[in-house]
Amino acid sequence: MSFRAKVYDMVCQIPAGRVCGYGDVAALCGSPRAARQVGYALAALTPTDVAEGVAVDPQGRAVPWQRVLRTTGHIAFAGDPIRGPLQQRLLEAEGIVFEQERTDMKRFRWRPSVEDLEG
DNA sequence: TCCATGACTCCGC
DNA sequence: CGCGGAGCCATGG
C-alpha cells in the first residue's frame, strides 16, 4: 500500500468537527517527517464537486481533505482564492471556529484512539 | 537512478 | 509572535 493510500485512509477517519495537522497524519501513516507528502497526496485528489469541496481518491471515495490543517491552526493554502475560503466555510459548517484566519488546535485537534485505528 | 517539486515543520532571530 | 532558511521524503519525469 502506497503512502498516499494510507493518507487517504487516515483522513477518512477524522470525524466531522475535528481536525488534524499534516504532521499528525504523516505520523499515523508511519512517516513522522513526511508532512509535505501528506499535502501532496491531498493535492492529488480529483475534484468532483468544486462548489461543495468534494474530492475523491483513486478508489473513488470522497476524502474530507478540509479537516487537515497546519499545526499553527492556519489553512495551508490560504492564498488560493477558491479553496482557501472554501475550506474555512466547510469547517465552520462542521462546528470549527476560526479567529484571525486560524482555529484553536488545542480544542479541535483529533487524537485517534487504538480502537479507531483497528481495522 | 538521479533530480526537481512541494496543501509542511522546526529553529534561530 | 512573525520571518527567513534549512531539512524533510514520497512522487513523477
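This structure is a prediction, so every number in the text was calculated from the model and none was measured. No hydrogens, no waters, no symmetry mates; every other heavy atom, side chains included, goes into these values.
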Donor-acceptor under 3.5 Å (Arg70(A) side chain, Ala76(A) main chain):
yes
Could you state the CZ-P distance from Arg70(A) to dC10(B), rounded to the nearest angstrom?
12 Å
Protein N or O to nucleotides 1-4 of chain C N or O, pairs below 3.5 Å:
none

Encode nucleotides 8-13 of chain C as B, S and - characters from 5' to 3', where the letter depends on protein heavy atoms closer than 4.0 Å: B to the base, S only to sugar-phosphate, - to neither.
BBBSS-
Looking at every non-hydrogen atom in both residues, tell me the closest pair between Leu86(A) and Gly53(A) and how far apart they are.
CD2-CA, 3.6 Å
What side-chain hydrogen bond (donor to acceptor under 3.5 Å, both in side chains) pairs are there with at least one residue in residues 26-37 of chain A, not counting sequence neighbours?
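As it turns out, there is no side-chain hydrogen bond (donor to acceptor under 3.5 Å, both in side chains) pair with a partner in residues 26-37 of chain A once direct neighbours are skipped.
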Please table the atom pairs, donor to acceptor, closer than 3.5 Å between any side-chain atom in residues 92-100 of chain A and protein atoms at least two apart or in another chain.
{"unit_1": "Glu92(A)", "atom_1": "OE2", "unit_2": "Gln88(A)", "atom_2": "NE2", "d": "3.2"}
{"unit_1": "Glu94(A)", "atom_1": "OE1", "unit_2": "Gly17(A)", "atom_2": "N", "d": "3.2"}
{"unit_1": "Glu94(A)", "atom_1": "OE1", "unit_2": "Arg67(A)", "atom_2": "NE", "d": "3.1"}
{"unit_1": "Glu94(A)", "atom_1": "OE2", "unit_2": "Gln66(A)", "atom_2": "NE2", "d": "3.1"}
{"unit_1": "Glu94(A)", "atom_1": "OE2", "unit_2": "Arg67(A)", "atom_2": "NE", "d": "3.2"}
{"unit_1": "Glu94(A)", "atom_1": "OE2", "unit_2": "Arg67(A)", "atom_2": "NH2", "d": "2.9"}

Contacts of Arg18(A) that satisfy salt bridge (Lys or Arg N to Asp or Glu O under 4.0 Å) - sequence neighbours left out
none
Sequence neighbours excluded, the answer for salt bridge (Lys or Arg N to Asp or Glu O under 4.0 Å) partners of Arg61(A) is Asp9(A), Asp57(A)
Contact between Thr103(A) and Leu69(A) at the side-chain level, heavy atoms closer than 4.5 Å - yes or no?
yes
Check the pair Asp80(A), Arg83(A) against salt bridge (charged side-chain N to carboxylate O under 4.0 Å, His left out), reporting the backbone distance first and the verdict last.
CA-CA 6 Å; Asp80(A) 186 310; Arg83(A) 292 175 295 177; 2.8 Å; yes
